[in-house]
Amino acid sequence: MKVKVCGVTSPEDAALACELGADLIGINFWPRSPRAVSLELARAVADAARGRALVVGVFVNEAPAKIAAAVETVGLDLVQLHGDEEPELLRSLAREGVAPGKTIRAFRVGAGFDAAAEMQAWDACWGFLFDASRPGMYGGTGEAWPWRRVGDAIAGGSGRAQRRILVAGGIAPGRLHSLLASAGDWRPWGIDVCSGVERLPGRKDPAKLRALFEEIRHVEAPTPA
């Protein structure tokens, strides 16, 4: 199970997350987020993770040209679209030099959400992220939701989906077992954690990070025969 640590705002937090085993580091560029960083700071965070984890820039309803500029300036590996974007944006990004295969489409799972249909519309993306839906928020809710809602739709309720699927919402030390149980037999490709390992918005708590990665190792350890 891959781990994305998101909302990273300091090189020190990025380095620690990578040391503990993070596979992806998320940097937030949405100006209204308490975890938003400047391009200069984002570059420093990215450099701390470079070569050890994929660096993901998180954008909300941003202009394609600005996304492309951030990719170039910061050296982003992937772009996460976390707003109300439409699939046509992928063509606009491609014209700016950001290929569809470098994008993650984030969805907010609310009432009536159709995971399979939404993924089909964004089929060219590198991967997908599913988070809890909360009015007025574009993620970072910290709210748990039944992961089975996605698993049933894309994997028939069992096995692993053939696409990269990350899930977010309510992930924190001590919660992973119950969240995985909410997925039934399905397992996501990865998890995305943000507020659950913070001491305050944008600053990670080293003890919480270590506890979460220890729990992940325990969850993934083979069961003795």
Side-chain angles (χ1 to χ4, degrees), residues 1-8 13-14 16-26 35 49 52-54 56 58 80 82 104-111 113 115-116 118-119 127-134 137-225:
M1 188 166 57
K2 305 298 184 183
V3 182
K4 175 170 174 274
V5 178
C6 204
V8 179
D13 285 349
L16 176 59
C18 291
E19 178 186 326
L20 292 172
D23 302 284
L24 304 96
I25 296 294
R35 302 173 182 90
R52 297 194 285 174
L54 294 175
V56 184
V58 180
Q80 181 174 312
H82 213 105
I104 298 172
R105 180 60 173 120
F107 301 108
R108 298 180 295 284
V109 181
F113 179 79
E118 292 289 353
M119 288 175 60
F128 305 92
L129 185 149
F130 295 89
D131 197 357
S133 176
R134 185 174 177 183
M137 295 186 69
Y138 286 105
T141 66
E143 294 183 0
W145 54 280
W147 294 355
R148 185 180 284 107
R149 290 193 59 188
V150 171
D152 287 348
I154 63 179
S158 64
R160 292 180 181 272
Q162 297 303 306
R163 301 299 302 268
R164 299 181 186 91
I165 307 295
L166 294 109
V167 289
I171 300 172
R175 295 183 184 175
L176 191 56
H177 282 279
S178 62
L179 287 168
L180 286 171
S182 78
D185 294 330
W186 175 72
R187 288 293 178 268
W189 178 83
I191 58 174
D192 184 304
V193 60
C194 184
S195 61
V197 290
E198 289 181 331
R199 62 174 181 263
L200 53 89
R203 296 313 304 264
K204 303 309 179 193
D205 184 315
K208 290 180 180 180
L209 270 175
R210 291 189 176 95
L212 179 66
F213 277 95
E214 179 60 31
E215 187 172 355
I216 291 169
R217 286 190 288 272
H218 180 71
V219 166
E220 295 189 329
T223 302

Should Ile171 and Leu212 be marked as a side chain to side chain contact (heavy atoms under 4.5 Å, CB included) after you check the CA-CA gap, both sets of side-chain angles, and the distance that decides it?
CA-CA 9 Å; Ile171 300 172; Leu212 179 66; 4.2 Å; yes
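- With contacts defined as side-chain heavy-atom distances shorter than 4.5 Å, the pair Arg187/Leu180 qualifies.
- From Glu19, atom CD reaches atom CZ of Arg210 across 7.0 Å, with rounding to the nearest 0.5 Å.
- The two atoms that bring Gly21 and Phe213 nearest to each other are C-CE2, 3.5 Å, heavy atoms only.
- The NZ atom of Lys2 sits 5.0 Å away from the CG atom of Asp23 when rounded to the nearest 0.5 Å.
- Checked for salt-bridge contact, Arg199 and Asp205 miss the test: no charged N lies under 4.0 Å from a carboxylate O.
- At least one side-chain heavy atom of Asp131 sits less than 4.5 Å from a side-chain heavy atom of His82.
- Glu198 pairs with exactly one of Lys208, Arg35, Arg203 by the salt bridge (Lys or Arg N to Asp or Glu O under 4.0 Å) rule, that one being Arg35.
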Could you please spell out the steps behind the side chain to side chain contact (heavy atoms under 4.5 Å, CB included) verdict for Ile104 and Val56?
CA-CA 9 Å; Ile104 298 172; Val56 184; 4.1 Å; yes
Working note: Val150 + Phe107, criterion side chain to side chain contact (heavy atoms under 4.5 Å, CB included); need CA distance, chi angles, decisive distance, verdict.
CA-CA 11 Å; Val150 171; Phe107 301 108; over 6 Å; no
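- Annotation: the span from Asp192 atom CG to Lys4 atom NZ amounts to 3.5 Å, rounded to 0.5 Å.
- A distance of 8.0 Å separates CG in Leu129 from SG in Cys6, rounded to the nearest 0.5 Å.
- Residues Leu166 and Phe128 have side chains not in contact (no heavy-atom distance under 4.5 Å, counting atoms from C-beta outward).
- When all heavy atoms are compared, the tightest approach of Trp147 to Ala168 is NE1-O, 4.5 Å.
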Mind running side chain to side chain contact (heavy atoms under 4.5 Å, CB included) on Ile216 and Leu176 for me, showing each step along the way?
CA-CA 8 Å; Ile216 291 169; Leu176 191 56; 3.6 Å; yes
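- His218 and His177 have perpendicular rings, their planes meeting at more than 60° on a 0 to 90° scale where under 30° would count as parallel.
- The closest donor-acceptor contact from the side chain of Gln80 to the backbone of Arg105 lies at 3.5 Å or more, if one exists at all.
- Among all heavy-atom pairs drawn from Val8 and Val5, the shortest one is CG2-O, 3.5 Å.
- Scanning all heavy atoms of the two residues, the minimum distance from Ile25 to Ala53 falls at CG1-CB, 4.0 Å.
- Distance CD1/Ile191 to CD1/Ile165: 15.0 Å, rounded to 0.5 Å.
- A 4.5 Å side-chain heavy-atom check between Trp189 and Arg163 finds every atom pair outside the cut-off.
- A distance of 5.0 Å separates CZ of Phe113 from CZ of Phe130, quoted to the nearest 0.5 Å.
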